[in-house]
Amino acid sequence: MERWEAFTINGVRVGGLWREYLDMTLTTRIAFPLEGDKEVFRTESVIRFQDDGESWQHYAYRQEPGAAEASSVRTEDGFGENTLPSYGEYLLLMDVIGSGAASEQYWRIQDSDPSAKPSQAEVRAAGIENVELPDGPQDCRRYDILEAGARVGSHWATAAGLVRSDWNGPVSFHQSKEVVLGGLDPTISEFLVSGF
């Protein structure tokens, strides 16, 4: 399963998000230019899940600028089955959307610093909202990501699936690969396709 999203800041398309879930491994890449800077923010997360899908096995994370790198093996580092690196929330969100559940709780691991204490977190279904999409406004159900009781992100879905995400400022929209990559700076498009 491959998914592309156009990444916008203040309504302007500036970058992209790519995800692939294949053979129990979720890979996520995000890239966009930093405001007032010539540098490009790039991050890549690779999370391997257990064959039974009950939890994750290990993950690796890298971010530039800043040369941030981190990794963890769940059992070796003492994390329980109810923990999840934050980039793995996508699959939990898909479960909540698909099942119609009201919420799902877990312990959220900061991908860039697995040594930090995990935070109590929740994916929670909210009400129906009319939101702006690339094809025009549409009624969507909102799903919030809560960390320690504070909202850290929101997502909107229709019967067809996830269509919009708000990352506390930047907003992404589900689009085709061609739309997402079209017109982007080559540094950004090449990273989304190939990673580090």
Side-chain angles (χ1 to χ4, degrees), residues 1-9 11-32 43-56 59 82 84-106 108-109 111 121-147 151-184 188-189 191-193 195:
M1 176 189 75
E2 185 178 61
R3 179 182 175 88
W4 291 86
E5 297 180 25
F7 216 73
T8 67
I9 297 177
V12 178
R13 188 170 65 89
V14 294
L17 182 153
W18 171 84
R19 284 193 185 99
E20 183 176 58
Y21 186 53
L22 184 66
D23 298 330
M24 303 303 291
T25 300
L26 176 66
T27 304
T28 307
R29 297 185 194 123
I30 298 173
F32 59 88
T43 185
E44 183 173 50
S45 163
V46 181
I47 304 171
R48 167 70 187 180
F49 290 86
Q50 295 175 181
D51 290 340
D52 62 10
E54 290 300 310
S55 191
W56 57 283
Y59 84 86
N82 61 344
L84 190 61
S86 66
Y87 277 86
E89 289 166 352
Y90 171 72
L91 294 183
L92 191 59
L93 173 66
M94 293 298 97
D95 285 347
V96 171
I97 292 172
S99 69
S103 68
E104 192 72 46
Q105 295 185 342
Y106 58 104
R108 189 180 207 236
I109 298 168
D111 301 75
E122 179 181 11
V123 177
R124 182 186 296 170
I128 303 294
E129 296 180 349
N130 189 265
V131 295
E132 194 65 40
L133 300 175
D135 295 335
Q138 192 168 349
D139 287 341
C140 305
R141 179 168 297 281
R142 192 181 85 219
Y143 296 85
D144 293 328
I145 305 293
L146 305 172
E147 181 177 12
R151 189 169 72 172
V152 294
S154 294
H155 307 273
W156 290 264
T158 65
L162 185 63
V163 291
R164 173 183 167 136
S165 297
D166 185 325
W167 310 94
N168 270 355
V171 176
S172 62
F173 299 92
H174 180 48
Q175 300 271 266
S176 69
K177 176 181 180 179
E178 292 71 26
V179 169
V180 172
L181 296 180
L184 287 182
I188 294 174
S189 59
F191 173 77
L192 291 173
V193 171

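Just so we're clear, the structure is a prediction, and the values are computed from it rather than from any experiment.
If you take CE on Met1 and CG on Leu91, they are separated by 6.0 Å, rounding to the nearest 0.5 Å. To the nearest 0.5 Å, the span separating CZ on Arg3 from CD on Gln175 amounts to 10.0 Å. One finds the CD1 atom of Ile188 at 12.5 Å from the CD1 atom of Ile30 (value rounded to the nearest 0.5 Å). Between atom CZ of residue Phe49 and atom OG of residue Ser55 there is a gap of 8.0 Å, rounded to the nearest 0.5 Å. The distance from the CZ atom of Phe32 to the CG atom of Leu192 is 11.0 Å, given to the nearest 0.5 Å.
Glu104 meets the salt bridge (charged side-chain N to carboxylate O under 4.0 Å, His left out) test with no other residue; sequence neighbours excluded. Glu129 is linked by a side chain to side chain contact (heavy atoms under 4.5 Å, CB included) to Val131, Arg142, Trp156, counting only residues two or more places apart in sequence or in another chain. Take Ser86 and apply the side-chain hydrogen bond (donor to acceptor under 3.5 Å, both in side chains) test, not counting sequence neighbours, and it matches Asp111. Scored by the salt bridge (charged side-chain N to carboxylate O under 4.0 Å, His left out) test, Asp139 finds no partners at all (sequence neighbours excluded). In this structure Ser172 satisfies the side-chain hydrogen bond (donor to acceptor under 3.5 Å, both in side chains) test together with Glu5, Trp167, sequence neighbours excluded. Residues passing the salt bridge (charged side-chain N to carboxylate O under 4.0 Å, His left out) test with Arg151 are Asp144, sequence neighbours excluded. With sequence neighbours left out, Thr8 forms a side-chain hydrogen bond (donor to acceptor under 3.5 Å, both in side chains) with no residue at all. Legend: residues meeting side chain to side chain contact (heavy atoms under 4.5 Å, CB included) with Ser99, ordered by chain and number and at least two apart, are Ala101. Looking at residues two or more places apart in sequence or on another chain, you find no side-chain hydrogen bond (donor to acceptor under 3.5 Å, both in side chains) involving Gln105.
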Is there a side-chain contact (heavy atoms from CB on, under 4.5 Å) between Leu17 and Tyr90 once you walk through the steps? CA-CA 12 Å; Leu17 182 153; Tyr90 171 72; over 6 Å; no

Does the pair Glu178 and Trp4 meet the rule for a side chain to side chain donor-acceptor pair (under 3.5 Å), with working shown? CA-CA 9 Å; Glu178 292 71 26; Trp4 291 86; over 6 Å; no

Show your reasoning for whether side-chain contact (heavy atoms from CB on, under 4.5 Å) applies to Tyr106 and Val123. CA-CA 8 Å; Tyr106 58 104; Val123 177; 4.0 Å; yes

Decide side-chain contact (heavy atoms from CB on, under 4.5 Å) for Arg13 and Phe173; before the verdict, give the C-alpha distance in whole Å, the side-chain angles of both, and the deciding distance to 0.1 Å. CA-CA 10 Å; Arg13 188 170 65 89; Phe173 299 92; over 6 Å; no

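Glu2 has its side chain within reach of Trp18: a pair of non-hydrogen atoms, C-beta onward, lies under 4.5 Å apart.
Nearest heavy atoms, Gly16 versus Leu184: N-CD1, 4.5 Å. Ala126 and Arg141 make their closest contact through O-NH1, 2.6 Å (heavy atoms, listed as atom of the first residue, atom of the second, distance).
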I'd like a table of donor-acceptor pairs (distance under 3.5 Å, sequence neighbours excluded) in which one partner is a side-chain atom from residues 21-28, with atom names and distances.
none

Side-chain donor-acceptor contacts of residues 157-166 below 3.5 Å, not counting sequence neighbours, with atom names and distances?
from   : atom 1 : to     : atom 2 : distance (Å)
Thr158 : OG1    : Ala160 : N      : 3.1
Arg164 : NH1    : Glu132 : O      : 2.8
Ser165 : OG     : His155 : ND1    : 2.6
Asp166 : OD1    : Asn168 : N      : 2.8
Asp166 : OD1    : Gly169 : N      : 3.1

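Contacts classified as salt bridge (charged side-chain N to carboxylate O under 4.0 Å, His left out) and involving residues 89-101 (residues at least two apart or in different chains) are given here: Glu89-Arg108.
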